[in-house]
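Worth saying up front: this structure is predicted, and the values here are computed from it rather than measured. Ligands are counted one by one from 1 in listed order, and the atoms in each one are counted from 1 as well.
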Amino acid sequence: MQSRDHFATRLGFVLAAAGSAVGLGNIWKFPYMTGQSGGGAFLLIYLGFVFTIGFSVMLAEFTIGRAGQRNPVGAFRALKDGPWSAVGGLGVLAGLVILSFYSVVGGWTIAYAVKAATGALAHSDPKSLGDTFGGFISEPWGVIGFHSLFMALTAGVIAGGVRGGIERASRILMPILAILVMILALRAVTLDGAEKGIAFFLTPDFSKVTWDTVNAALGQAFFSLSLGMGAMLTYASYLDKQVNLPRTAAQVTFLDTAFAIIAGFMILPAVFAFGFDPASGPGLTFITLPAVFAQMPLGQAFAFMFFALLAIAALTSAVSILEPVVAYLIDERRMPRRWAALLSGVMIWALGVPSALSLGPWKDMTVGGKGFLDAMDYLASNIMLPTGGVLIALFVGWSISARAQEEAQSDGSHPFPLIRVWIFICRFVAPAAVAWVLISGL
Ligand code: PFF
């Protein structure tokens with residue numbers, strides 16, 4: 001096998017993994033899902049999943065990736081003969097599904113950066129902001145055009161390889177985004193009427209919890225932490241032995257969660273202060289935030305910066321969704337990196353077109369009672385990722401347990417005091433919890 005590209009530094013890897021985790025899942029999906037699922041109780045259940053199953057599956061992916069030094073399919077195969085490599089195959093497929101709709105929403109963020117720059121968002125009336133969003137998503141050429149641009153950028157970064165593309169972009173831009181989100185959250189929590197939103201977010205009302213809430217929280221934990229499809233596994237395959245995997249997994253989990261919570265403070269208080277409906281779904285961030293910008297000095301400049309940085313955060317995640325697919329084509333199908341990026345980019349683009357149209361011209365076409373974009377998201381986040389995540393946990397917990405414990409502790413150079421707890425979660429807790437959520441849904 002040819003020698004693999006590697007991350008230059010540990011910090012570079014942490015930022016790239018955090019760049020994968022932090023994206024539209026935190027800033028777009030988490031606030032609207034919290035809004036739809038009743039607020040504080042959703043948050044608590046979400047946190048419960050993140051710090052038990054989420055952290056454990058992340059460490060499992062890091063372990064398999066670094067031990068296998070290959071794409072998801074090849075890594076399973078390198079560690080164990082038999083059917084396990086199908087788990088990697090499921091991950092590669094999940095990547096196709098996720099990126100198809102992720103790129104559509106990524107396109108919205110670029111479009112909104114353009115709108116902010118041209119002053120099209122500079123009004124604070126909730127109704128007209130709703131109309132702006134509604135008008136934008138129902139006009140097919142714009143939406144497809146920006147989806148195409150986003151997909152081309154993603155494939156372009158991937159074609160450039162690990163160190164040149166992904167690592168450099170993540171290092172510079174993530175910290176700037178963090179600062180901006182904090183400034184916006186501060187503005188939002190000091191709006192008149194923000195208290196109701198803060199209470200909604202922080203006060204759990206368990207009487208509203210249904211199976212849907214629990215299922216949504218589980219899917220969101222996997223989606224937000226980039227777990228269950230081999231994205232973290234593939235990034236870790238570009239690592240060498242020195243890196244302390246448990247510590248890195250803890251840092252990435254923590255950073256991702258911090259971003260989501262701050263995004264909650266950025267959106268939900270504003271939803272209540274301006275009288276929007278918290279359950280209004282995928283448009284929430286795009287409709288609410290411009291109203292916050294309109295209340296700020298230099299609001300237009302902030303709006304532009306915010307949407308531009310969000311587009312970049314989305315790009316660093318999108319790149320991590322495409323990388324397993326491309327790594328698979330390179331390692332297993334012997335394709336040159338550029339061709340692999342082009343081929344997978346075109347396929348995913350085409351799969352994204354129905355999602356792009358699903359909020360506009362095709363809004364009456366439903367799959368299982370959901371619009372196409374929502375249905376793709378549901379299939380990936382609520383079924384494919386948790387299933388993939390459990391199989392990853394089972395693999396580490398049962399199939400390669402001894403080897404995994406050595407690898408996770410870098411052959412003894414980074415002892416992990418909770419190693420037994422981790423294996424216990426992989427063996428029993430993660431499979432039981434996910435099986436319970438999925439089966440009670442049927
Ligand atoms: N974690 C990313 C986000 O929150 O936007 C999305 C994502 C990336 C999901 C990578 C899955 C994945 F493998």
Measure and list all N/O to N/O distances between ligand 1 and the protein that fall under 3.5 angstrom.
residue, atom, partner, partner atom, Å
ligand 1, 1 (N), S20, O, 3.2
ligand 1, 1 (N), A21, O, 3.1
ligand 1, 1 (N), F223, O, 2.8
ligand 1, 1 (N), S224, O, 3.0
ligand 1, 1 (N), S226, OG, 3.0
ligand 1, 4 (O), A21, O, 2.9
ligand 1, 4 (O), G25, N, 3.3
ligand 1, 4 (O), N26, OD1, 3.4
ligand 1, 5 (O), L24, N, 3.1
ligand 1, 5 (O), G25, N, 2.7
ligand 1, 5 (O), Y102, OH, 2.4

- Message: For the aromatic rings, using the six-membered ring if either is Trp, is the centroid distance between F150 and W349 under 6.0 Å?
- Response: no
- Item | Centroid-centroid distance, F416 to W422, less than 6.0 Å | no
- Item | Pairing residues for F272 by the ring-ring contact (aromatic ring centres under 6.0 Å, His included) criterion, not counting sequence neighbours | F200
- F222: partners by ring-ring contact (aromatic ring centres under 6.0 Å, His included), with sequence neighbours left out: none
- Message: According to side-chain hydrogen bond (donor to acceptor under 3.5 Å, both in side chains), who are the partners of S401, at least two apart in sequence or on a separate chain?
- Response: Q405
- Query: So do the side chains of L322 and S344 get within less than 4.5 Å of each other, counting heavy atoms only?
  - Reply: yes
